[in-house]
Colleague: 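Quick one: the structure is below, questions incoming.
So you know, we letter chains A, B, ... as the sequences are listed, proteins then strands, and number each from 1.
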Number of protein chains: 2
Amino acid sequence: MRRTKAEAEETRNSILRAAERVFFEKGVSNASLDDVAKAAGVTRGAIYWHFSNKTDLFLELYNSVPMPQEDMIAREIEESGSDVLFYIERTAGDWLEEMAADEHRQRILTILLRCPYGEDLLPVLERQQEVDDRHVALLENAFTKARSEGYLNANWTAQSATKALWWMMGGLCSEWLLFGRRFDLAVEGREGLKRLFGSFRQVPSAAETLVVS
Amino acid sequence: MRRTKAEAEETRNSILRAAERVFFEKGVSNASLDDVAKAAGVTRGAIYWHFSNKTDLFLELYNSVPMPQEDMIAREIEESGSDVLFYIERTAGDWLEEMAADEHRQRILTILLRCPYGEDLLPVLERQQEVDDRHVALLENAFTKARSEGYLNANWTAQSATKALWWMMGGLCSEWLLFGRRFDLAVEGREGLKRLFGSFRQVPSAAETLVVS
DNA sequence: AATTATACAAACAGATACGTATGTTAAAAC
DNA sequence: GTTTTAACATACGTATCTGTTTGTATAATT
């Protein structure tokens, strides 16, 4: 029964959403296209009409997730006049909060973390690495600005601060996503960020003044 | 052709080592028992003789990896008289170095990170969580001792320091293992540890006292 | 020395899962 | 109004993987 173009696009989207759930629950390589089809309320025929195979479906699923606009973030960093560190901390905390609230993102990221990047979906891995590299570069720029404006503790370089933050965020999210969300991501995350950025800011002389006074 | 008991144990071990390589390369659920058998130079008959199925093989592989003796670490923490923080930093750095040198551990950990913990190998996940929880508890004890002895900066609590270190180590290793070892784990790791522990130690008043005395 | 149990290999049967080929219906195109 | 074609469903053939069964040579047992 031929559907209208809008309806077809609807089924395509429902297949993508079903693939997201099924891939998340059973793992990409463990899920069959029939699982996805049943979850979407269609048959494998519909999947093979809209996508060429499972790898293609996975790639399209990966492409369907909207990327955060890095340009905007970069511009905001430029414009964040006073305390750059405060802005970075707030952005990181907000990102955690969005992650905790958005099951869509959680599933996509979990799938990406767990997926066995063997040969066929290697382009996904490479693209993911590009995105990560750009994010790290953005962070390092921000921390460099913070250092040049005297906000960064002498103990930290822009690079080491970037990596410390990046790895902490990564470890935090990995544990939360891969090991069953056993804590409140936003609360624990913001607490950790507070401490880490406290140590970024803590310039000894000022601290001494604080303690002495 | 029946082999002697020693030879049988040898083939069992070769199957386990082959499973480690194959699971690492193709992913657990994507690897067939025939792949493992061929990699081990046997047939599936040998595998089904020594193990009951793939899940059992995976569990035995997981059990075959020797656990670091926590008791010893705990005792060393107790005995580390002077600077507990220095000991923790050194232990963490050594752990990274061992990881970088031991391809065996790398593969096992990668498999564990990527494996789709669905239903059947849930006990593995739970045991892994227990191990992690004990490690975190050990760390927190050490940091508590560090705090009570005045080595820990007022900016950090024992808990927040524990989590910061834990997440940073986790993010570091996850990125290194899952995304293709694009940097020197030991060097970058020790650098990051140096900065983080620098901020742990940096306690103005105590440092002042130390310097003055 | 004969028997038995062990350590596998080889063959077999059943279940998926994949890709394709074909069928079907209704929306477009003319 | 007829034809065409898009959007699927259904059916088919095939490869693969699994679990079991059977075969077999040799070490261990008696």
Colleague: Strictly below 4.0 Å, heavy-atom distances to any atom of DNA chain D: list the hits from residues 8-16 of chain A, or just say none.
Modeller: A:Ala8, A:Thr11
Colleague: Hey, is the side chain of B:Trp49 poking within less than 4.0 Å of OP1 or OP2 on C:dA7, counting only N and O atoms?
Modeller: yes
Colleague: Report yes or no: does B:Lys163 contribute a side-chain atom to a donor-acceptor pair with the main-chain N or O of B:Val136 at less than 3.5 Å?
Modeller: no
Colleague: Taking the ring of B:Phe200 and the ring of B:Phe143, is the distance between their centroids below 6.0 Å?
Modeller: yes
Colleague: At what distance, to the nearest 0.5 angstrom, does CD1 of A:Ile88 lie from OG1 of A:Thr162?
Modeller: 7.5 Å
Colleague: Which parts of nucleotides 23-30 of chain C does protein reach within less than 4.0 Å, heavy atoms only, written one letter per nucleotide 5' to 3' as B for base, S for sugar-phosphate only and - for none?
Modeller: --BBBS--
Colleague: Tell me which residues in residues 50-58 of chain B lie within less than 4.0 Å of DNA chain D, going by non-hydrogen atoms.
Modeller: B:Asn53, B:Lys54
Colleague: Donor-acceptor pair, B:Lys26 side chain versus B:Ser32 backbone, under 3.5 Å?
Modeller: no
Colleague: Any salt bridge between A:Asp94 and A:Arg190, counting N to O under 4.0 Å?
Modeller: yes
Colleague: Strictly below 4.0 Å, heavy-atom distances to any atom of DNA chain C: list the hits from residues 37-44 of chain A, or just say none.
Modeller: A:Arg44
Colleague: Short question: side chain of B:Arg201, backbone of B:Tyr151 - any donor-acceptor pair under 3.5 Å?
Modeller: no
Colleague: Any sub-3.5 Å donor-acceptor pair from B:Glu60's side-chain atoms to B:Leu16's backbone N or O?
Modeller: no
Colleague: Tell me which residues in residues 21-35 of chain A lie within less than 4.0 Å of DNA chain D, going by non-hydrogen atoms.
Modeller: none
Colleague: Ion pair present between B:Glu10 and B:Arg3, side-chain N to carboxylate O less than 4.0 angstrom?
Modeller: no
Colleague: So, the side chain of A:Thr110 versus the backbone of A:Gln106: is there a donor-acceptor pair under 3.5 Å, distance only?
Modeller: yes
Colleague: For the pair A:Ser174 (side chain) and A:Gly171 (backbone), establish whether a donor and an acceptor sit closer than 3.5 Å, ignoring hydrogens and angles.
Modeller: no
Colleague: Ignoring hydrogens and geometry, is there a side-chain-to-backbone donor-acceptor pair from A:Arg147 to A:Asn153 under 3.5 Å?
Modeller: yes
Colleague: As a test of understanding, state which of B:Leu57, B:Leu33, B:Leu61 forms a side chain to side chain contact (heavy atoms under 4.5 Å, CB included) with B:Phe51.
Modeller: B:Leu57
Colleague: Could you list all the side-chain hydrogen bond (donor to acceptor under 3.5 Å, both in side chains) pairs where at least one residue sits in residues 130-139 of chain A, not counting sequence neighbours?
Modeller: A:Glu70-A:Arg134, A:Asp133-B:Arg182
Colleague: Please assess B:Trp176 against B:Glu188 for the test side-chain hydrogen bond (donor to acceptor under 3.5 Å, both in side chains), listing each intermediate value before the final yes or no.
Modeller: CA-CA 11 Å; B:Trp176 192 70; B:Glu188 302 253 1; over 6 Å; no
Colleague: If the threshold is 4.0 Å, N to carboxylate O, is there a salt bridge linking B:Lys5 and B:Glu9?
Modeller: no
Colleague: Could you state the OH-P distance from B:Tyr48 to D:dT21, rounded to the nearest angstrom?
Modeller: 13 Å
